[in-house]
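We number each residue from 1, following the sequence as shown. As the structure is a computational prediction, the values presented were derived from the model and not from experiment.
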Amino acid sequence: DSKLGEDSDHQIYFHYETNIDENLNKKIPIEGKTDKCETNRLIEITEGSLHLEIEDIIYWFIGNKYFLKQDYAHSLTSFQKIKNEKYQNEDLFFCIGVCNSLMGSFEEAQIQYKKVLNINPKSFNAHYNLAFHLEYNNKDSLGSKKHYEDALALKPDFFEAHYNYAMLLLDKFNDSLGAKLHYETALTLRPDSYEAQNNYALLMQLKFNDKKAAKDHYIEALKINPN
């Protein structure tokens, strides 16, 4: 996860978990006979569809390697060279989206996440990152709310989703009770989060006038970060 942006004093988390490690170790079968080197077969490999397919596989692996090195510009260039529809799948679109997100091309990133959701409406990562961009970059609070709800329905134990959603509910919808619920869930998942402890203390102090709870969580926040 990466702290890509801030909203006033609140930290917003962006998620870029991918299947790259898994895909690097995955053997990609190439269809066709390999026990003969006939003339027409060699022509197909050098000039035809199989040659293009091999190129796409190479671009995929090169893109993965650059991504793991955090060289997102070269990673994106490699991914964008993949033309075979067989490999234009949700993994590829998500990786292209993440590269664009991390390079600041937020509109293009959203296009890619929507492509992922067209293929797989149950992609937690695409819902989560789209929710992030809709709120932080597009100021589309309703759209962001929907995608956070979809993300949490798919992965209810994800700390960052509860944390971001709590901020959204409080800042954009004035939903103190909803924010309280999601901060509490976030703290159950990550009691060592300074930001969550501090924000929950502020919420209890300013919205619920619960001085004891506020004090307790300020103390917990100070234990985590005395500065």
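Put simply, CG on Leu76 and NZ on Lys81 are 11.0 Å apart, with the number rounded to the nearest 0.5 Å. Atoms OG1 and OH, on Thr77 and Tyr59 in that order, are 11.0 Å from each other to the nearest 0.5 Å. Rounding to the nearest 0.5 Å gives a distance of 5.0 Å between CD1 of Ile119 and CZ of Phe93. Between the CG atom in Asn100 and the CG atom in Asn129 there is a gap of 12.0 Å [rounded to 0.5 Å]. Separation of atoms OH (Tyr66) and SG (Cys95) is listed at 16.0 Å; rounding is to 0.5 Å. Rounding to the nearest 0.5 Å gives a distance of 7.5 Å between CG of Asp175 and NZ of Lys145.
In this structure a side-chain-to-backbone donor-acceptor pair under 3.5 Å is present from Thr185 to Leu181. At distances below 3.5 Å, not a single donor-acceptor pair connects side-chain atoms of Asn138 with backbone N or O atoms of Asp140. Without hydrogens or angle criteria, Gln88 side chain to Ile82 main chain gives a donor-acceptor distance under 3.5 Å. In this structure, Asn120 contributes its side chain and Val116 its backbone to no donor-acceptor pair below 3.5 Å. When atom types are taken as modelled, the side chain of Gln112 and the backbone of Val98 share no donor-acceptor pair closer than 3.5 angstrom. Listed for the Ser105 side chain is no donor-acceptor partner under 3.5 Å among the backbone atoms of Glu108. Judged by distance alone, with hydrogens and angles left aside, the side-chain atoms of His182 form no donor-acceptor pair with the main-chain N or O of Leu177 at under 3.5 Å. Without hydrogens or angle criteria, Ser75 side chain to Asp71 main chain gives no donor-acceptor distance under 3.5 Å.
Between Tyr113 and Phe94, a ring centre-to-centre spacing shorter than 6.0 Å is recorded. A ring-centre distance under 6.0 Å is not found for Trp60 and Tyr87. Here Phe159 and Tyr163 bring their ring centres to under 6.0 angstrom of each other. Note: Phe158 and Phe124 meet the aromatic proximity criterion, with ring centroids under 6.0 Å apart.
Closest heavy-atom contact between Leu187 and Ala196: CD2-CB, 3.6 Å. Taking each heavy atom of Asp56 and Lys83 in turn, the nearest pair found is OD1-N, 3.3 Å. The two residues Pro121 and His127 make their nearest non-hydrogen contact at O-NE2, 2.7 Å.
Contact annotation: the side chain of Asn199 never approaches that of Leu203 to less than 4.5 Å [non-hydrogen atoms, C-beta and beyond]. Using a 4.5 Å heavy-atom cutoff, the side chains of Lys207 and Lys180 are not in contact. Inter-residue side-chain proximity for Lys172 and Leu142 is flagged as unmet; no heavy-atom pair is nearer than 4.5 Å. Looking at heavy atoms from C-beta onward, Met167 lies in side-chain contact with Asn164 at the 4.5 angstrom threshold. With contacts defined as side-chain heavy-atom distances shorter than 4.5 Å, the pair Gln205/Lys211 does not qualify. By the 4.5 Å heavy-atom criterion applied to side chains, Ser101 and His133 are counted as neighbours.
Among pairs with a residue in residues 206-227, those fulfilling ring-ring contact (aromatic ring centres under 6.0 Å, His included) read Tyr200-His217, at least two apart in sequence or across chains.
Between Gln110 and Asn137, the side chains place no donor N or O within less than 3.5 Å of an acceptor N or O (distance only, hydrogens not considered). No side-chain donor-acceptor contact under 3.5 Å links Glu90 and Ser123.
Under the salt bridge (Lys or Arg N to Asp or Glu O under 4.0 Å) criterion, Asp150 pairs with Lys146, sequence neighbours left out.
Ring geometry for Tyr148 versus Tyr128: interplanar angle over 60°, hence perpendicular rather than tilted (30 to 60°).
Residue Lys139 qualifies as enclosed at atom NZ: its count of foreign heavy atoms under 6.0 Å is above 12.
Members clustered with Ile224: Tyr194, by chain and number, using a 4.5 Å side-chain heavy-atom cutoff among hydrophobic residues.
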